[in-house]
Amino acid sequence: MLDFIKSIRIAFALLFVLLSGPAIGRCQSSVATLSTDVFFWNIELDVEADSGFLIGKVETHFYATEPEAFLAFDLSNALTTDSVLLNGNSVSFAHLPGNELRIFAALAAGNSYTATIYYRGTPVQGAGLGGFYAGKRQGIPEVWTLSQPFAASDWWPTKNTLSDKADSLRMEFHCDSALRVAAPGTLQHSSPGYSVWMHSYPIPAYLVAFSLTNYDTLSLHVRACTDSIPFAAYTFPEGSQPPQLQAKAVQAGLDLYCDWLGPYPYANEKYGHAQFSRGGGMEHPTFSFMGGFGLELTLHELVHQWVGNMVTCGSWAHIWLNEGFATYLSGMGIEQIQPEQWLNWKQSQRQAVWSEPHDGAVFVRDSLVVQRIFSSRLSYKKAALVLHQLRLWLGDSVFKAGLKQYLNSPELKWGFARTEDFQRAMESASGKPLQDFFNGWIYAEGVPELQIQVQVSSAQSVAIHIEQLSNQADERATPSWVSLSFRGIGKEQRLEFMLNSTVFDTLIDCSFLPLDCRLDPEANMLALAELSFKPLELPGGILFPNPGIEPVLVCQEAPESIRLCDAGGRFVKALHGFACGQTLPFGLNLDPGIYWIECKVNGVEFRYKFVRAQH
């Protein structure tokens with residue numbers, strides 16, 4: 001009779017669920033109960049590597065922050081739930097359409113709970129950026145997970161959210177004795193076919209991961225700031241970059257990022273590489289999964305341990321805080337380690353952004369579309385160059401101080417951040433208001449356009465006029481880095497500044513006569529720009545320097561003849577066949593004093609006073 005009554009209650013509960021729809025406050029990427037504060041995950045998996053079939057037990061230890069009539073987890077409908085315990089007691093549950101595992105047990109605010117879920121099945125493969133993978137490499141089984149952004153629930157019951165991190169994680173694996181497992185944290189127990197990993201730092205669901213195959217393993221050591229930590233290399237037996245070379249690249253990155261960002265976040269555990277059969281990489285805490293071992297990829301995944309793992313974007317709309325930062329900071333590694341590649345790196349990033357200059361903001365407005373979240377052009381490359389502009393504007397010392405303030409803020413460290421948090425840190429470090437910068441470069445579509453007019457107004461002054469076509473809807477100026485290079489005979493002078501207005505005029509002094517102007521020779525500008533250069537109008541020509549010893553004839557059209565006369569107008573010397581820009585060879589025997597230079601251009605004579613200096 002009791003079983004019958006229980007069945008009736010479950011049936012009515014299911015009917016209510018199907019009719020009521022999603023609960024208020026839940027996003028489409030997750031149907032899990034949001035009012036839970038997870039402090040520990042214990043995941044135990046029996047992995048059949050040939051097929052990917054899993055038999056799993058997951059314990060979620062959490063506090064209820066609000067009273068709830070039931071508890072829900074995200075779990076793929078491709079998996080089967082066998083039973084559920086709450087605080088050790090069997091409870092009723094239903095696996096509903098929409099990948100929701102609903103547990104019919106009320107929660108009281110402030111109480112702690114342990115939900116234990118027993119499940120099994122073969123996960124759906126290929127979701128998101130990879131999801132769950134089970135396949136073979138040269139006939140050898142290989143299984144790995146890459147859960148970013150919403151695929152964690154494809155292989156274990158969890159919360160697909162960016163609002164909660166477990167304080168620690170334990171993962172236990174049973175598999176074929178010929179295979180080894182890589183996972184976050186430290187290896188606590190290991191025997192053929194069995195391993196236990198423990199991770200004692202906060203971690204969100206999408207970074208929980210494992211990789212399993214016939215790894216060769218080697219443990220080295222690297223210096224992480226002031227600590228010596230293990231570097232674990234899990235590589236394919238058939239060949240990869242030698243672990244010693246991997247460790248060398250990691251060491252170079254650690255030296256840079258410890259200086260710019262602060263101490264390595266996981267110094268009490270390790271850092272390592274686990275090779276997997278996928279392009280690119282994934283920055284799982286303490287153990288990056290690597291599809292290759294190039295320098296830029298190595299640096300990108302390493303620096304994610306700070307940006308993305310320690311401080312995680314609080315919404316996929318703000319993914320640039322993970323990926324844009326990692327892209328730029330890996331670029332800074334190229335700048336330091338391979339400086340000859342730095343210009344090419346910047347040009348490559350910028351060319352991708354400029355391929356569609358009027359389209360796309362860094363900020364992700366539709367954060368449910370995986371392809372848009374992880375847009376290489378916007379979330380990675382444009383975001384990286386936005387950070388480069390900010391660094392140029394603020395200077396290295398202020399930019400570094402802002403990065404450290406952002407990453408080590410008690411409110412953000414080991415938690416979640418949004419764009420406004422980073423903006424506040426940079427404003428605090430610099431003392432500058434940055435709203436226009438963030439509005440124009442993070443939230444607005446496309447890039448601004450600049451029309452730059454440069455006119456040489458005298459032998460040693462240049463007039464500059466700039467107009468900006470803003471990319472902001474209200475047409476406010478988007479602060480944009482400007483870089484101009486003025487060149488004369490054997491000389492160069494740079495002008496670099498942040499343009500903060502839609503119309504800008506200035507007159508600058510130059511220590512020489514500019515003969516041309518180059519736009520952005522070091523590829524530091526992100527705004528599209530057109531440059532027009534107007535040289536000094538020189539009817540007949542001009543001598544430079546004056547006073548001087550053997551001046552250069554600066555002209556627009558070569559003279560037919562040149563005569564040198566003394567101060568009284570008496571002929572001294574004639575010169576023929578000289579082109580514009582050539583030095584006039586008056587010789588060392590010419591006495592210092594005042595002379596006259598007579599030039600004939602197209603039949604018209606020009607006369608210039610020249611002062612011969614001491615030599």
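Residue numbers count from 1 along this sequence. Note that the structure is a prediction, hence the values are computed from the model and not measured.
Between atom CG of residue N471 and atom OG1 of residue T478 there is a gap of 4.0 Å, rounded to the nearest 0.5 Å. A distance of 5.5 Å separates CG of D520 from CG of N524, quoted to the nearest 0.5 Å. Note that CD1 of I508 is 5.5 Å distant from CD of Q493, once rounded to the nearest 0.5 Å.
Classified by interplanar angle (parallel below 30°, tilted 30° to 60°, perpendicular above 60°), the ring pair F293/H273 is tilted. Note on ring orientation: taking the six-membered ring where Trp is involved, the planes of Y380 and F374 are tilted (angle from 30° to 60°). Below 30°, between 30° and 60°, or above 60°: for F39 and Y63 the angle between ring planes is between 30° and 60°, a tilted geometry. Ring pair H284/F289 is perpendicular by interplanar angle, where above 60° counts as perpendicular and below 30° as parallel.
Donor-acceptor pairing under 3.5 Å is lacking for the side chains of Q349 and H388.
Note: Y234 and F287 meet the aromatic proximity criterion, with ring centroids under 6.0 Å apart.
When all heavy atoms are compared, the tightest approach of A444 to R365 is N-NH2, 4.5 Å.
For Q246 (side chain) and Q241 (main-chain N/O), a donor-acceptor pair under 3.5 Å exists by modelled atom type. With E283 contributing its side chain and S288 its backbone, the two residues share no donor-acceptor pair below 3.5 Å. Distance alone, capped at 3.5 Å, is enough to place a donor-acceptor pair between the E445 side chain and the G360 backbone.
Around CD of E492, the count of heavy atoms belonging to other residues, nucleotides or ligands within 6.0 Å exceeds 12. A 6.0 Å sphere centred on CD of E530 holds no more than 12 heavy atoms belonging to other residues, nucleotides or ligands. With a 6.0 Å radius and a threshold of 12 heavy atoms from other residues, nucleotides or ligands, K404 has its NZ atom above the threshold. Within 6.0 Å of atom CD in Q351, 12 or fewer heavy atoms from other residues, nucleotides or ligands are found, so the atom counts as exposed in its surroundings. Annotation for R476: atom CZ does not count as buried by contact number, only 12 or fewer foreign heavy atoms lying within 6.0 Å.
Tested against T286, the residues H199, K270, Q305 include a single side chain to side chain donor-acceptor pair (under 3.5 Å) partner, K270. Checking W320, F438, W441, Y443 one by one against V362, the side chain to side chain contact (heavy atoms under 4.5 Å, CB included) holds for a single residue, W320.
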